[in-house]
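The structure under discussion appears below in the form of structure tokens.
Ligands are counted one by one from 1 in listed order, and the atoms in each one are counted from 1 as well.
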Amino acid sequence: MKFSTELIHAGETDRGVAMPLTTPIYETTTFVFDTAQEVVDYNQGRSSKYLYSRYDNPTIVSVERKVASLDRGESALLFSSGQGATTTILMAHLKAGDEVVCSAAIYGGTLHLLEDLLAKFGVVPRFVTLDDLANPDRVIGPRTRIVWFESPINPTLRCVDVKRVADACRARGVMSVIDNTFASPINQQPLAMGVDLAMQSATKYLNGHSDVTGGVVTGSKALVDPIAKARRQLGTVMDPHPAYALGRGLKTLPLRVARHNANADAVAQFLARDKRVTCVFYPGLATHPDHAIAKRQMTGFGGMVCFDLDGSYDRAARVYDRLKIIRRAASLGGVESLISMPVLTSQWGHTDAQLREAGVTRGMLRLSVGLEDPEDVIADLDQALES
Ligand SMILES: *Cc1c(COP(=O)(O)O)cnc(C)c1O
């Protein structure tokens, strides 16, 4: 089945006697058994019953089936946040002394987790550049256990050749993990390109309404099962209530992402033509350094657009302050268009050298193009740029 069909129907099976059309919120911490033998059967994995909601819950499982079908993955898990997903994946598959090769251009939370908390447990992070990731054979060492990367990358939307990284990892028995949050599985299918695990912050496009914090991972049962076990131990599972909202959001994901793609393309074209803007970063533009890679591995270029006002913080801040429809807020992937200044959010406190390394300037603005009429979004940018 196609995504639009799968996302509506996958997982919607467990109905009891009342036969509701949608899977209800099983707002319960625990589940009832009739006999001791039923508990034994559950413990031995010979039962479709549930025991305790930190382990599993029918609302959670229903949404996990949708997420798995979306990535064409064997298994999927839901977490209380994207960070919960990242922590649980890494703790499940790493031990002290293991090296994680990680793109230096990565979500800040991932970077800090590797540098601070996991380093305390003896995990060795090795941060590499985009050039390194273009030649992944060069950066995988004898102690490398995981290669963790993102594409497209925040905020420059630079892209990594996903298949190349996946192939290099597979050839050396190293696990590849992609953070697919920016693309979403509608635009990019990492598992089909050979990546072992795909994680996403469900807070962004998957839920899509900026009202749920969550995370997901998909992959083979063999790699996901140890993460499920770690999720029980860490307690990073999602709650049934947000899971219900996420399941509802997922049903319109293909529609929303198609519109995000179209709106972002219109906004990027407008900004690229505008003399007041120095540079526009959008993988769909032929001028983007990774346009060729993006065209090869993505079926849509996403809803994120970044642009630069000659590196000038003051000009960028003036435009930022003057916007009327586009809201000044962190995060992305929701129905509302949002704007952020990377030097105030993801790159806050970075030195000039670190900014150069990340390809970020003080005059950059990052847009998450929402689902408003693109003409209104463009008109808002136009009047703000007039300042
Ligand atoms: C938001 C985000 C995360 C973290 O997700 P949370 O749901 O905020 O914990 C991870 N990676 C990327 C690319 C993100 O944008």
ask   = So D131 and T129, side-chain hydrogen bond (donor to acceptor under 3.5 Å, both in side chains) or not? Walk me through it.
value = CA-CA 5 Å; D131 285 341; T129 64; 5.0 Å; no
Write out each pair where an N or O from ligand 1 and one from the protein are under 3.5 Å apart, with the distance.
from, atom 1, to, atom 2, distance (Å)
ligand 1, 5 (O), S201, OG, 3.1
ligand 1, 7 (O), G82, N, 2.9
ligand 1, 7 (O), S201, OG, 2.9
ligand 1, 7 (O), T203, OG1, 2.6
ligand 1, 9 (O), G82, N, 3.0
ligand 1, 9 (O), Q83, N, 2.8
ligand 1, 11 (N), D179, OD2, 2.6
ligand 1, 15 (O), K204, NZ, 2.7

request  = Hey, could you give me each pair passing salt bridge (charged side-chain N to carboxylate O under 4.0 Å, His left out) that has a residue in residues 306-316? Not counting sequence neighbours.
outcome  = none
ask   = With sequence neighbours left out, which residue pairs that include part of residues 272-281 fulfil the side chain to side chain donor-acceptor pair (under 3.5 Å) condition?
value = D274-R276, R276-D382, R276-E386
ask   = Hydrophobic cluster mates of I153, side-chain heavy atoms under 4.5 angstrom, ILVMFWY only, any path?
value = V101, V128, L130, L133, V139, I140, V147, F149, V160, V162, V165, V174, I178, M193, V195
key: D380 side chain to Q383 side chain, donor-acceptor N/O pair below 3.5 angstrom   = yes
ask   = Looking at side-chain heavy atoms only, is the closest gap between L70 and F3 below 4.5 Å?
value = yes
